[in-house]
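These figures come from a predicted structure and were not determined experimentally.
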Amino acid sequence: RSPLARAQLAPPPLVAHCLALYFAAIGAAHVALLPPVHARVMAPIAWTSAVILLAMSAALRFWPVDPRYAHAAASFGAGVVLANCIVHLHITGDPRQTTNLVLLALAASTLFVSRRWFAGLTAAIGIGWIYAFPWEIPLDQRIHWICTLCACTGAAWVRMLARRRCFLR
């Protein structure tokens with residue numbers, strides 16, 4: 001196998017398992033910390049995500065992914081995380097939830113080595129953010145979060161491309 005193929009296959013089961021544990025804990029945190037109206041929506045979404053990611057982790061351990069489909073598997077996991085982030089931003093109307101999208105882009109840049117798949121993920125992040133962002137906040141805050149998301153997405157691209165370049169050498 002090529003170094004690029006090995007890079008694509010290494011982490012998905014472990015990452016999915018860790019994310020499952022994270023979303024199980026986040027579900028409990030939603031119940032404890034969010035207003036009840038938000039917790040009633042967010043906690044079940046987080047727990048459902050945990051179950052989906054745990055199933056994904058188990059499936060990837062028993063049925064290893066062909067390198068040609070490694071990015072599809074990683075994109076599925078990233079899509080689960082993205083859905084949580086977008087719903088949380090939309091439900092709460094709190095622009096600080098943009099931070100979750102920033103973290104997703106940066107984390108994905110450590111997994112993805114395909115420009116095409118990473119472009120699809122970053123485009124989905126941007127489109128989801130545009131949909132869910134609370135545009136009624138003051139202009140200076142909007143500019144802050146726009147710059148934050150753009151700068152961090154740019155940094156994620158630099159990281160992914162540098163990582164890709166290392167694997168291709």
Side-chain angles (χ1 to χ4, degrees), residues 1-34 39 41-89 96-129 132 148-149 151-169:
R1 288 190 179 144
S2 73
L4 197 56
R6 284 194 306 275
Q8 292 172 359
L9 286 177
L14 177 61
V15 171
H17 189 81
C18 290
L19 284 172
L21 296 174
Y22 170 77
F23 278 110
I26 287 295
H30 286 332
V31 170
L33 301 173
L34 287 178
V41 174
M42 291 309 305
I45 291 173
W47 290 325
T48 300
S49 298
V51 169
I52 291 168
L53 290 163
L54 191 59
M56 178 182 177
S57 174
L60 291 173
R61 287 182 200 283
F62 289 108
W63 299 287
V65 173
D66 184 293
R68 295 172 295 174
Y69 305 111
H71 279 95
S75 293
F76 177 80
V80 171
V81 175
L82 178 59
N84 273 273
C85 295
I86 295 301
V87 170
H88 199 170
L89 178 60
R96 294 175 300 176
Q97 298 306 321
T98 299
T99 307
N100 295 330
L101 298 170
V102 164
L103 293 172
L104 173 58
L106 291 170
S109 72
T110 66
L111 296 175
F112 285 69
V113 288
S114 165
R115 290 180 298 231
R116 181 176 50 125
W117 282 96
F118 194 66
L121 176 61
T122 55
I125 289 171
I127 291 166
W129 180 80
T148 299
L149 186 61
C152 291
T153 301
W157 267 99
V158 169
R159 173 190 258 173
M160 187 279 298
L161 291 171
R163 195 169 162 271
R164 174 186 166 80
R165 193 169 173 181
C166 288
F167 283 116
L168 290 176
R169 285 188 182 171

Subject >> Leu149 side chain reached by Ile125 side chain, heavy atoms, under 4.5 Å >> reply: yes
Separation between OG (Ser57) and CZ (Phe62), nearest 0.5 Å, reads 9.5 Å
Looking only at heavy atoms, the pair that brings Asn100 and Cys85 closest together is CB-SG, 3.5 Å
Just wondering, do Leu53 and His17 contact through their side chains at under 4.5 Å, heavy atoms? no
CG (Leu54) and CG (Leu19) are apart, to the nearest 0.5 Å, by 11.5 Å
Requested in this report: Please indicate whether Arg115 has more than 12 foreign heavy atoms, meaning atoms of other residues, nucleotides or ligands, lying under 6.0 Å from its CZ.
Outcome: no
| So do the side chains of Ile26 and Asn84 get within less than 4.5 Å of each other, counting heavy atoms only? | no
Pairwise side-chain contact, Leu34 with His88, heavy-atom cut-off 4.5 Å (strictly under):
yes
| Hey, does Phe23 have a side-chain heavy atom less than 4.5 Å from the side chain of Ile52? | no
Closest heavy-atom pair, Arg164 versus Val113, reported as atoms and distance to 0.1 Å, is NH1-O, 2.7 Å
**Asked** So do Leu82 and Leu101 actually touch side chain to side chain, heavy atoms under 4.5 Å?
**Response** yes
So do the side chains of Leu111 and Trp117 get within less than 4.5 Å of each other, counting heavy atoms only? no
Output for pair (Met56 CE, Ser49 OG), nearest 0.5 Å, gives 12.5 Å
When rounded to the nearest 0.5 Å, the distance separating CG of Leu60 from CZ of Phe76 is 10.0 Å
Closest non-hydrogen atoms of Gly128 and Ile86, given as atom of the first, atom of the second and distance, are C-CD1, 3.2 Å
What one should report as the nearest heavy-atom pair of Thr110 and Arg163 is O-CZ, 2.9 Å
Minimal heavy-atom distance between Ala43 and Gly27, with the atoms involved, is CB-O, 3.6 Å
Value for CH2 (Trp129) from CG (Leu89), rounded to nearest 0.5 Å, stands at 8.5 Å
Ring-plane angle category for Phe118 and Phe112, please: parallel below 30°, perpendicular beyond 60°, tilted otherwise.
tilted
Scanning both residues in full, the closest heavy-atom pair of Ala50 with Ala24 reads CB-N, 3.7 Å
Interatomic distance, CD1@Ile127 vs OG1@Thr122, rounded to 0.5 Å, equals 9.5 Å
